[in-house]
Participant: 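This is the structure I have questions about; it appears just below.
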Amino acid sequence: TFEADATQPSSKEYDKEHLDCVKEAISSVNPERQNIGFNFAADDLVGTLVTSDGPGKRTFFRELSDGYRSLIILAATIAWRCIRLNPHLGKSAAKESPGIVLIDEIDQHLHPNWQKRIVDDLKRTFPKIQFICTTHSPFIVQSLTAEEVIDLDGQIHHDPNSLDLELVSELMGVESAYSLDQQKLEELSTEYLKTVADAIKDGKTVGPDVSDSLDLIEESVSDPGVRAFLKMQRLKLQEPN
């Protein structure tokens, strides 16, 4: 309806500029989608997919992933609100409208690569708007500065964007940035290497208890590469004094 009104000969003042404002906001937050428009025959939003190789095919909104749709809806909704509040700003409404926007779980449906950039994209597209968002994503937190983060469980003493993923995860109360399987693998490997080191320290002799313990850990390690590494470490126990 918005595009139909803007393209009519009897369109009102600023209608075309308002439509361009929304389209530019969508492309700014989602640079992979350009030449946004509405296809009346297909009754759907359509845009050109742009890659490193150049412009690609035209893709309908219904064909996109939840992540792409979320970005488009988010940008278009905020831009539309800017236009409704400040219609006199025309095409510049998104960039010139001040305000506050609340977003719950800003990382929802977003690929990790988008999570890393979504905050910067929103600040660039809507520079006079203050965004207050919640998130459980370490990638979002990592893209911020310390003064932009409010930890409801305590005070932030580090600059999140200077920390690696594991430290940011710890900052958010996550015991590890890795999966439970990877954590278990790390624990088993650590226990194995400690057992080998203790045996070497005691004179490179291995009793049945130590041998059975190492056998049990090897059976529990699913990664063949890690298992081969552990066995190589075990060979040190067979070296002569």
Side-chain angles (χ1 to χ4, degrees), residues 32 51-52 65-68 70-71 103-123 131 133-241:
E32 289 85 1
T51 66
S52 57
S65 67
D66 286 343
Y68 274 120
S70 295
L71 287 174
I103 305 176
D104 187 30
E105 300 293 350
I106 189 174
D107 52 281
Q108 193 170 26
H109 302 308
L110 295 184
H111 187 280
N113 284 333
W114 295 335
Q115 294 177 26
K116 294 178 181 179
R117 77 182 201 207
I118 183 61
V119 173
D120 286 338
D121 287 344
L122 287 175
K123 290 193 296 185
F131 290 93
C133 312
T134 64
T135 183
H136 287 92
S137 167
F139 296 108
I140 297 286
V141 175
Q142 198 175 30
S143 70
L144 306 173
T145 59
E147 58 270 18
E148 292 175 321
V149 181
I150 299 175
D151 183 358
L152 298 182
D153 296 320
Q155 185 177 357
I156 298 292
H157 297 288
H158 304 283
D159 190 354
N161 62 21
S162 67
L163 304 177
D164 59 28
L165 180 59
E166 188 169 0
L167 289 174
V168 173
S169 299
E170 181 180 341
L171 182 67
M172 298 183 69
V174 179
E175 292 184 1
S176 174
Y178 303 100
S179 68
L180 294 178
D181 287 343
Q182 291 295 316
Q183 292 178 54
K184 184 63 176 177
L185 181 60
E186 181 181 357
E187 292 170 1
L188 289 172
S189 301
T190 301
E191 181 183 351
Y192 190 101
L193 294 174
K194 185 177 185 304
T195 302
V196 170
D198 289 344
I200 293 175
K201 182 179 179 181
D202 293 337
K204 298 186 180 179
T205 58
V206 184
D209 291 342
V210 173
S211 183
D212 291 344
S213 177
L214 296 179
D215 289 341
L216 184 61
I217 294 176
E218 287 179 11
E219 293 173 2
S220 302
V221 173
S222 58
D223 189 309
V226 174
R227 190 165 57 249
F229 171 77
L230 295 179
K231 287 183 176 181
M232 290 297 294
Q233 298 303 307
R234 185 173 183 171
L235 292 177
K236 297 178 179 180
L237 298 175
Q238 300 174 2
E239 296 177 358
N241 290 322

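Heavy atoms only: backbone and side chains are in, while hydrogens, waters and symmetry mates are out.
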Participant: Does some side-chain heavy atom of L193 sit less than 4.5 Å from a side-chain heavy atom of F229?
Facilitator: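 A side-chain contact under 4.5 Å exists here.
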
Participant: Taking T135 for the side chain and E105 for the main chain, is one N or O donor matched with an acceptor at less than 3.5 Å?
Facilitator: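 Here the side-chain-to-backbone pair does not exist.
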
Participant: With side chains defined as the heavy atoms from C-beta onward, is the minimum distance between I140 and L110 less than 4.5 Å?
Facilitator: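 Not touching, per the 4.5 Å side-chain cut-off.
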
Participant: Say you draw a straight line from OG of S70 to NE2 of H111; how long is it, rounded to the nearest 0.5 Å?
Facilitator: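 Answer for the OG-NE2 pair, S70 versus H111, is 14.0 Å.
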
Participant: Mind listing the closest non-hydrogen atom pair of I103 and F131 along with its distance?
Facilitator: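 The answer is CD1-CD2, 4.0 Å.
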
Participant: Looking only at heavy atoms, what is the nearest atom pair of I217 and L188, with distance?
Facilitator: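 Answer, listing the atom of I217 first, then L188: CG2-O, 3.6 Å.
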
Participant: Compare every heavy atom of D107 with every heavy atom of H136, then report the nearest pair and how far apart it is.
Facilitator: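 Answer, listing the atom of H136 first, then D107: N-OD1, 3.5 Å.
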
Participant: Which distance, rounded to the nearest 0.5 Å, do you find between the CZ of F139 and the CG of L144?
Facilitator: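 F139 CZ to L144 CG: 13.5 Å, rounded to 0.5 Å.
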
Participant: Quick one: CD1 on I118 to OG on S137, what's the gap to the nearest 0.5 Å?
Facilitator: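 Here the interatomic distance stands at 11.5 Å.
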
Participant: Between W114 and Y68 (judged by ring centroids, cut-off 6.0 Å), do the two rings come close enough to count as a pair?
Facilitator: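 Here the rings of Y68 and W114 have centres that are less than 6.0 Å from each other.
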
